[in-house]
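In what follows, a single structure is set out as structure tokens and then discussed.
In what follows, chains are A, B, ... by sequence order, proteins preceding strands, each numbered from 1. Quantities reported herein were computed from a predicted structural model and do not represent experimental measurements. Values below: all heavy atoms of this structure, side chains included; hydrogens, waters and symmetry mates excluded.
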Amino acid sequence: MIEFTIMAWILALLAAAAAIYAVETKDLISSAIAMGVASLVVSIMFLLLQAPDVAITEASIGAGITMAVFVYAIGKTGRWEE
Amino acid sequence: MIWAMYFAVAVLLTAGLYGVITKKNLMKVFISLSIMETGVNLLLITIGYIPGGTAPIENGNFAKYVDPVPQALVLTAIVIGVSVTALALSLLIMYHSKAGTLEYKEGMKW
Amino acid sequence: MRKLAGIVIAGIFFISMMMLFYHLPASHDLSSNEYYYRNPINGSVANESIPEHYIKYTKNETGAVNAVTAIVVEYRGFDTLGEVTVLFTAATGVSFLLSLAVRGRKREEANLILKEGSKLVLPFILLTGAYIFIHGHLTPGGGFPGGSVVASGFLLMMLAYPKFFMKDRISWFESAAGTAFVVIGLLGLVLATSFLQNFIPVGTPGQLVSAGIIPLIYIAIGFKVGSELSAIVNKMKEVQG
Amino acid sequence: MHPVLLIAIPLLVAFIIPLFKKYGPSIALGALALNTGISIALFSVVYSTGTVHEIIAGFAPPIGIFLAVDSLSALLAMIINLFALINFMAIGKASEYKFSMLYLLAVAGSTGIVITGDIFNMFVFFEITAVASYALVASRKDKKSMEGAIKYMILGSLGSIFILIGIALIYSQLKSLNIYDIASRISTMDAKIKWASVAMLLTGIGVEAEIFPLNGWVPDAYQGASGGVASLLSFGPSKAAIYAIARIMLVIFPLQKVYYLVLTIGVITLLIGELAALKQENVKRMLAYSSIGQMGLITIAIAMGMNEKNAILAIFFLMVSHASSKASLFLLSDSSGMGSAATKYTGIVSVLGIVGMPPFAGFWGKWYLLMAAINGNMLWVIVLIFFSGIVEAAYFARYLHRYYGNEESFSRLTKYSMAVLATMSLIFGLLPLIYEMGLKTLFGMGGV
């Protein structure tokens, strides 16, 4: 089971890094994409946690549709913070 | 493995909360809220996980399953999250076309 | 100043969350007796926990093989009706708020490969989506992922063909699917004893035509989620900021 | 009697309205009328038999979801649906079909919060209500209303995340989502987790219930919204949310420490709301702060209701009084005057009702709260009640003085609807209906 633990920690650090980058960057497009990446990484974590239904849904809705909506909205309102 | 998940949950929630508190750009605030939602979903699934359990789909070989209830709840929560985000963004687009900016410095006093 | 306050609050929050998780969960054994539930109507205590009940009896009570599907559609189907309503409310709100702002504008064309490729791929994406929501009671998946796969197919079309526009006719799908969900629920009230109760024989678990109303509801949800997400994304794309 | 129809009918109607765009408002009006009838029937059933519960999907409660209607939720369901009908008559003419869909969904969501017996189901209904309210607040589509809606939305989303964390913490310990099942086993929970979940749930629901310190959105949202929508928010979502606090605090966590926590929050909310209302220039902002103050008063009553039967009676009367008076005052606030007889009547009757003059429901609310305070030997609550009454009288006197007699431009239907809404406080104050309902045991408290 050790390989699962290592993989889980790698994914957790990836998700954490993506989340922090999404909050801190000034470029809203990269911020939205980083948020999508965090969501995608979390969906892989759902697979590790034996939740395939949730993983599929999170990958398609959380990462796919949400990110598309964000990117469209940022395109209408301006890309840079401040 | 559980601790990796809990760590990720805490970081996602904290990063999102930090963004909501400190950021002035409304788009950023909603990105932060979206990150928090992901964190809560992960928390629920982690609570339902049982070491050594398999996905709750009956296949005859395994006896031990993870808790299916949090998974059902998270399915609901994900869809609610995307709905709220979509409405929020359409509001932001409208607000931007009226106010010309998404930074709240003056007009939005708390 | 604001940043400092944010860091302090976030730090406190992080530490308290980690401390909280240290006490979670009490036990990993779902059949332990501290989880035994109590019926609030007659006060009787059962000798099983709620998740244990779902795992044990899903097949007999609902005919579904996938316990998550059984919970989403049958045991806690009322939540799912509410959830579909939240999505519907949001879609209505989006079109209500953006209705003034929609205007056409000139867009640049995508390249040929993307256009032809997406035309080729679209039927397969739609089929995959339909497969996912029709087989929700047998395999992982169901109405929500299936619907969002359908929506992502249309998203691809929107990217490839900037002029691609969803007609208002899509709201017909939303209405029909939502109405079907509530009507199935009301039929349960009329034909059986309570709202959303199964009134069709459950059949043999594991087969495509089984599990009573679960596939019907999941198909309705699939159509509803697919059409609503497509409508939202399309509206977001069309509006001029 | 099927309480589930109160939710199923508006949802069904909201789903089919897009097919009959032109008749949308009329269909919605019909659905609201039908719902009002059902809720009155439900009220009468609960009045004669005590509590009603309905199983959903045919599975016994902690396995499936169930609806638990006790005397307070039957009263609130009736108030919400009846007032929504009258309020919709006042504003419905001008509205388009999407507005009426959102209106119906907000009403259905608030009703759902009030009658459900499952904590996650309550969360889902919170979201329906909240999403519909965000869109409704922004429905004037100008900058002010957008700002109000965005603020509301940020705090509301944060609140729903906290509710979800609270639910997750409770679930991790008890593996149950049924409020009454949780309540019966709450003592086996780890103390730290229990406190964290109290804090999370109170924070999350507090956003909708307008309690301190989560009410930053209230003045802006009410100021930005049109009168009809502000009126809906004051008797629908906010009442449902305060009821959710009552249900969760009284049923799940009836502990001494929670009592002090809720009492303190109530007192601070009351003081801040009333004092801020005193210095407002804009009518809607003043009414919004006044609402916050009233919410504080109801929160105090909820806290004291853990030990005192009189305080529970006070909750009943305060809810009715506040819903009736604020709904009519917000409708009135769309125009800057009270010219005709009907509007003059509305203004005076609502103000009298909210300040707490004898035959009105507001008087009985404050009266029973006083009784509870005297029984509990809490002098400072008595002082607080009189203080809030004086402050309310001061700013409402200024309000009447400024607007009394000015010209206004309401349609006849709107005027009569306002007058009817204001009269509700008088009717419920004079009839012994609420008193009788208040004496019945609430579901899950001291037996079913």
Is it the side chain or the backbone of [X] that comes within 4.5 Å of chain D heavy atoms, both, or neither?
X: Leu73(B); answer: both
X: Val20(B); answer: side chain
X: Leu87(B); answer: both

Does [X] reach the main-chain N or O of [Y] with its side chain, forming a donor-acceptor pair under 3.5 Å?
X: Ser34(B); Y: Phe30(B); answer: no
X: Thr54(B); Y: Lys64(B); answer: yes
X: Lys98(B); Y: Ile93(B); answer: no
X: Gln280(D); Y: Ala276(D); answer: yes

* Asp142(D)/Arg140(D) salt bridge by N-O under 4.0 Å criterion -> yes
* So which residues of residues 108-126 of chain D are in contact with chain B at a heavy-atom cut-off of under 4.5 Å? -> Phe120(D), Phe123(D), Val124(D)
* **Name of the residue among Leu233(D), Val229(D), Leu102(D), Leu105(D) meeting side-chain contact (heavy atoms from CB on, under 4.5 Å) with Ser133(D)** => Leu233(D)
* To do: Select, from Ala135(D), Ser160(D), Ser145(D), Ser157(D), the one with the greatest count of heavy-atom pairs under 4.5 Å involving chain B.
  => Ser157(D)
* Asked: Which one of Leu43(B), Val29(B), Ile80(B), Leu17(B) has the most heavy-atom pairs closer than 4.5 Å to chain D?
  -> Ile80(B)
* Winner by heavy-atom pair count (cut-off under 4.5 Å) against chain D, out of Thr85(B), Leu91(B), Asn41(B), Leu44(B) -> Leu91(B)
* Asked: So, Asp67(B) and Tyr171(D): side-chain donor and acceptor under 3.5 Å apart, yes or no?
  -> yes
* Verify whether one side chain among Tyr180(D) and Arg185(D) offers a donor that lies under 3.5 Å from an acceptor in the other. => no
* Go through the atoms of Leu177(D) and report whether side chain, backbone, both or neither lie under 4.5 Å from a heavy atom of chain B. => side chain
* Just say parallel, tilted or perpendicular for the rings of Tyr152(D) and Trp217(D), cut-offs at 30° and 60°. => parallel
